[in-house]
Every structure is written in C-alpha cells, then in structure tokens.
2 protein chains.
Amino acid sequence: MNLSARQLRAFVALVEERHFTRAAQRCHLTQPAFSALIRTLEEAAGVRLFDRNTRRVELTAEARVLEVSARRLLADMELAMEDLRDHAARRRGRVAVAALPSLAAGWLPPLLARFHAEYPGIELHLRDALLDPCLDMVSQGEVDFAVASRRADMSGLDSAFLHADRFHLVCRADHALAQQATVRLRDVLRWPWIALARNSSVRKHLDQALGEAAAPPLLEVEHLATVTGLVQAGVGVSLVPGMTLFHFQRPGLVIRSLAGRALTRPLYMVRRKGRALSVAAQGLHDLLLAHPMSEGAGEAGP
Amino acid sequence: MNLSARQLRAFVALVEERHFTRAAQRCHLTQPAFSALIRTLEEAAGVRLFDRNTRRVELTAEARVLEVSARRLLADMELAMEDLRDHAARRRGRVAVAALPSLAAGWLPPLLARFHAEYPGIELHLRDALLDPCLDMVSQGEVDFAVASRRADMSGLDSAFLHADRFHLVCRADHALAQQATVRLRDVLRWPWIALARNSSVRKHLDQALGEAAAPPLLEVEHLATVTGLVQAGVGVSLVPGMTLFHFQRPGLVIRSLAGRALTRPLYMVRRKGRALSVAAQGLHDLLLAHPMSEGAGEAGP
DNA sequence: CACACTTACGATATTCGTAAGGATT
DNA sequence: AATCCTTACGAATATCGTAAGTGTG
C-alpha cells in the first residue's frame, strides 16, 4: 500500500474543516478530486473515516485514531525534507578536511574562517597530519578531501593540481648567503643545514630533488617551529617551501629565492576516486580552489 | 511537495542493495521505472542522493542524512496503517454503551462477555443509568449507543425497536393473587403495591398505561432490589417488566403474567442521528440485535 | 565486451476538472 | 430553493515497461 503526503494533508484538512469544498480549496483541488482522494485513503485503510451526509461531515472513531498519527507523520516528513534541503543549501552539514601541517597552520585558517562566516551552520573539521595519514584519511572516507602532495601509491585517489610550492632559503640576516637577493642551490648546500623528518612531505620532495649526492643535513627535526629556532640561533640554514615561510618572517631572519630551475613541492586537492563530495564539502572545495596559494599567503590574517 | 511511501521504500531498498537492478526487483519494478522514482525523489529533495557510475552505487552524505528519517517514517506509516486496520478488524478499539439499570444487570452482561471473548482487544465501557441520562449520553456522543426506551424529546436521536418488554405481577407465594396462573390488571390494582421512582422508565410506562384513575402506590423506591425486599416481606405486590424478573426469582415469590391487552415497556436501540457507529460499536450493536431479549433472559449465566 | 545505469518512447493507469445527479435542510 | 457531496466522463498527467543508448571496468 502506498500512503502519500498529499493524502495525509487532505485528510488533516478535512478533519479541520469538516467540509469537503473548503478542504479541497485548501489543497488546491476541485471538490470531486478531493473527494476521490479521501475515498482512496478510506479504501487503503479499509475503514470509513468520515460520516458525510450533504449537510454535515463528521469524523468516525477510526478517523480520530488516524488523526494523531497523520499529524505526526506529516510533521516528520516535512522535518526530514527540510533537513535535507538545509544540507543542500549549506545551511547545515559537516565538512572534514585533512591538510599538511604547513597548510593547516598557514594557508587554510583564513579560508576556513571565511567559509564559516558564509555558512555558519556547517560543522568544520580540520585534521592536520603528515602526508601519509592525510591520504589514508581520504581513502577511508574519514575526511572529505585533503590538501596535500602526492605519494607513490595513489590508488583509489583522485588528485587535482593546486600549486607548485617553491622552496626558499631561510637563514640569519648576518649569514653570508643573505647578501644576495637570489641564491644558487649549490651554494646553499655548502653550508650546514637543518632538515625536517623524512616522513614529512617537505623532506621527501627535497630528497627527491637533491638526489643522493647532496650533503646530509646537520640535524633532522619534527616541527617547522624547531627549524625556525635553530636557524635563528645560527645552527644552520634551511630550505623550506613557500607555504611555510610565515614561520620565518621574524626579525633577524631572511628569506631568499632560489635561482635557476624551480625546486618545488607540488600540492594537490586529493579526493576519493569516483565519489562525489557532499554539498557542504563541495562548497569548501570550491572556495579553496578560488583562492590559489601565493607566496604572501599564510601571514597573520585580520 | 509530495513524498510517498513508495519513494521511501525505493530509497531504502537502494540504500540497502546499492544496486539499481536488484533494488528495482525488490520493489517489483523494472529498473528504468525504479531509476525514475529515485530521480524524482532527488529532484524533490534538491540533492543528489546516490553517486552512481555504471559500476558502483554509493550513498552521498545527504543520503545518509535521509536514511535515518526514511526508515523511521516508513515504520511510523506502517504502524499507523496497521493500527487503523486493527480497528477495522476489531482487533483494537473501544465501545461505550449505555443501558437502563435493569438491562445493564440482566440481559447485557452475558452478551458483553461473549463480545469480549470474541474481540478481546476491544475496550468495553458500560454506563448503567436511568432513561434520561442514557439518552443524554448518546446525544453528547459520550457513548456509542444506548439500550433503553424512548422519551418525549428524541430530537437528534435515532431509535430502532428492540423488544416489547411485558409487565408481570410479582408477589408472595402466599398472596391471594398467586393462586391464578394469569391475573387481570384490575385485580392487581386492588392490592397495595410498590412502585419505582417516577424518573425510572419502568414507572413512566406504567403510569402512562394505567392512566390517572389507578390507585397510587403504597411506596416509591429507587432500586429494584428494594422492591424485591418489600414484596418478599409482604408489604405489597409490584408490576415489573420481564427483563427485571431475575430480581424476583427467589423462594417465596411468584411471578404471574397479566391477562388481556399486553402492558409493555418498549425497548429500543438508540443512536445519534446521522452518525455511523465505529467498527467496534457496530460489532456489539449487531451482536445485541442478533440475541433478542426473551422472558427467560437475565438469569444467572455460566 | 559485458554489465549496469540512463534516455527515448509508446502504452497504460491515475488523477484532474467540468458537468450532471441526488440528498438534506 | 439552496447547499453540498457523489457520480460520470473526457482530458491532462504520471508512471510503467520495452528497447536503444552510454559509460565503465
């Protein structure tokens, strides 16, 4: 049997009006069509719901039984559809995004703030993690998408290029390398340098670009903030991508571009293959794509 | 917007099968028809609910939101219809009936017992009251119908004749009137007699039948049981309808028919005019009609 | 190339609205 | 006589099933 919202609305209208013609008007139907609607409901239910003579329309005991359920059902149906439309209109929802620590700290926050200002009803989740956990979270559907780089095994994942994140030299202002506006990579590698841990995307791309021949780093640390401290203390210099430079915009430190062939860490928007984003996630996704990364990004926003 | 049970069932089927063809079979539809059903649901909702390529069908985040509501809505709808069908099949319901005290004590109980045995799910209410309250309860819809006699003002009420309740003489076995198998009314009225109160239907019919000329009663009492006591003590005789005779089937008392023109209290099934009975009430109504009153009725049943 | 969803289209079933019918006050 | 629900019937709409189309692995 097929119960429809229209039948329930007609039933409730007739319960309230106790008058076929007026109830029909309320349902934007002619009276005979309305009459047929009630009849089909009665047939489906197997009970007479209204006692009608031409002068009076009265509820049967069975109609009173149905009335309670009918009102609740209608309310629940409209609530369910409203809920769904809220999600469609991005008035409600949930987006989870994974991002490399550098992006999660610098580029992303102002964009998340903007998204939240526009869609305050949407719950936001940000997972800042290293490359592998980022991509694993996408694979397992734990997050809607990730902003990260790529790895060897990208099976089940779709990636869209976002930005070529150029490496820069960071060193003390009184360092010899700070004298030039642009430095050559081979000049940098003659000095003691600080590297991030091997599981970081920054280090992976650097190793890949430098090859085996390059001098090993003086120190390996986990966090960029530690690199900042070491460089500031004069322990060594470092090579970091543009999106991390906000860590190094401090007095006594300078940032220098690298000459020649661009040394970059390519960044991607990574999603699960063959799987559409939720309306809310698509909204954030589009916002991120509409605000490409730039060297200046990541500075303290308003 | 019009949400239907069929749409919800299709949606849930697809959520569970994640396969259009199989879900369509479960709904007894061809796959294209099923596909259209899902599409209309998506259009009504304003959200894509399934990501389908020819190889895989996946739920969107919005579908997960709807799934919970859809299952609950379907369960509630089926519950509501089941409830209604239970009332139609007299598996559930409620009947309230009013009856004159004599009938409520004698004739009705075995029939109510039989009705309850057949439809144990139906709640029974019996209001034993004098004629006027009985009919008022019908007028106000407090009870479904009454088993009673009629009065002058029967407006808004429909009555169907049930039984002509013949009056009988009751007296002590050693009373002079007890000598004859059948007594004449004018012989009875020469003896002191006990009457019920003037608001009882028994008394009203008796007064109407006897006219002004008859001797007034020695005593007027409220309850038939009191009449029994008075007659048994030899205070007087009494004239009571057949349906009350079970009160007088006691040692030392005799019951005698009246000769000549039948002196009766006509009894009716009284319902509110132009108003159908509930399925449950109709059931009891029919049962009562199928078991006409008889002189022997009202004796202690099994 | 096989499976699975979509589109196209003619047939069927529902539902609608207009008009006539019947009942009640 | 007026009101109001029901029935009748042709028209519009929706839905269905068959068959062809398209895309994915």
Side-chain angles (χ1 to χ4, degrees), chain A residues 1-11 13-45 47-60 63 154-158 271-276, chain B residues 1-11 13-45 47-60 63 154-158 271-276:
Chain A
M1 91 122 305
N2 181 27
L3 193 58
S4 72
R6 203 169 65 255
Q7 279 176 316
L8 291 180
R9 265 189 279 269
F11 172 76
L14 188 51
V15 165
E16 285 174 4
E17 297 285 351
R18 301 191 183 212
H19 193 283
F20 275 68
T21 308
R22 282 198 299 273
Q25 283 167 355
R26 245 174 63 171
C27 296
H28 309 288
L29 283 172
T30 60
Q31 188 274 322
F34 183 88
S35 208
L37 203 55
I38 295 293
R39 195 179 52 244
T40 60
L41 181 62
E42 288 181 325
E43 281 164 8
V47 200
R48 190 154 192 79
L49 293 171
F50 297 92
D51 283 320
R52 55 269 212 187
N53 53 52
T54 62
R55 223 52 187 176
R56 198 194 324 277
V57 175
E58 303 237 33
L59 307 205
T60 63
M154 292 292 286
S155 60
L157 297 175
D158 258 345
R271 323 173 8 179
R272 212 159 124 180
K273 184 174 285 185
R275 176 136 173 193
Chain B
M1 90 122 304
N2 182 27
L3 193 58
S4 71
R6 202 170 63 255
Q7 279 176 317
L8 290 179
R9 267 190 277 268
F11 171 76
L14 188 52
V15 164
E16 285 173 4
E17 297 285 351
R18 297 186 187 219
H19 192 283
F20 274 67
T21 308
R22 282 199 298 273
Q25 283 167 354
R26 244 174 62 171
C27 296
H28 309 289
L29 282 172
T30 60
Q31 188 274 323
F34 183 87
S35 209
L37 202 54
I38 295 293
R39 195 178 54 242
T40 61
L41 181 62
E42 288 181 325
E43 281 164 8
V47 201
R48 191 155 193 78
L49 293 171
F50 297 92
D51 283 320
R52 56 266 212 190
N53 51 52
T54 59
R55 222 53 185 177
R56 194 191 331 273
V57 176
E58 302 238 32
L59 307 206
T60 64
M154 292 291 287
S155 60
L157 297 175
D158 258 347
R271 321 172 13 178
R272 212 158 125 179
K273 185 175 285 184
R275 178 141 172 188

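Chain letters run A, B, ... following the sequence lines, proteins first, then strands; residues in each count from 1. All values below were derived from every heavy atom in this structure, side-chain atoms included, with hydrogens, water molecules and symmetry-related copies excluded. What you see is a predicted model; the values in this text were computed from it and never measured.
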> Who pairs with A/Arg56 by salt bridge (Lys or Arg N to Asp or Glu O under 4.0 Å), at least two apart in sequence or on another chain?
Replying inline: A/Glu58
>> Restricting to side chain to side chain contact (heavy atoms under 4.5 Å, CB included), what partner residues turn up for B/Arg39, sequence neighbours left out?
In response: B/Ala36, B/Glu43
>> Can you measure A/Gln25 atom CD to C/dG17 atom C1' for me and round it to whole angstrom units?
In response: 14 Å
Collect all protein-nucleotide pairs involving nucleotides 11-14 of chain D in which both atoms are nitrogen or oxygen and the distance is under 3.5 Å.
none

> Given that A/Thr40 and B/Lys273 both sit by DNA chain C, which one's nearest nucleotide is further toward the 5' end?
Replying inline: A/Thr40
>> I need the full list of side-chain hydrogen bond (donor to acceptor under 3.5 Å, both in side chains) pairs touching residues 24-34 of chain A, with sequence neighbours left out, sorted by first then second residue.
In response: A/Glu16-A/Arg26, A/Glu17-A/Arg26
> Considering all heavy atoms of both residues, which atom of B/Cys27 and which atom of B/Phe34 are nearest to each other, and what is their separation?
Replying inline: SG-CE1, 3.8 Å
> B/Glu17 has an atom CD; how far is it from atom P of C/dC5, in whole Å?
Replying inline: 11 Å
> Rounded to whole angstrom units, what separation is found between the CD1 atom of B/Ile38 and the P atom of D/dC16?
Replying inline: 12 Å
>> By the 4.0 Å heavy-atom rule, please label A/Leu37 as base, sugar-phosphate, or nothing.
In response: nothing
> What is the distance, rounded to the nearest whole Å, between atom NE2 of B/His28 and atom P of D/dG17?
Replying inline: 11 Å
> By a strict heavy-atom criterion of less than 4.0 Å, which residues belonging to residues 2-9 of chain B are in contact with DNA chain D?
Replying inline: B/Arg6
Nucleotide N/O of nucleotides 4-7 of chain D paired with protein N/O under 3.5 Å:
from, atom 1, to, atom 2, distance (Å)
D/dC4, OP1, A/His19, NE2, 3.4
D/dC4, O4', A/Thr54, O, 3.4
D/dC5, OP1, A/Phe20, N, 3.0
D/dC5, OP2, A/Thr21, N, 3.2
D/dC5, OP2, A/Thr21, OG1, 2.7
D/dT6, OP1, A/Arg52, NE, 2.4
D/dT6, OP1, A/Arg52, NH2, 3.3
D/dT6, OP2, A/Ser35, OG, 2.3

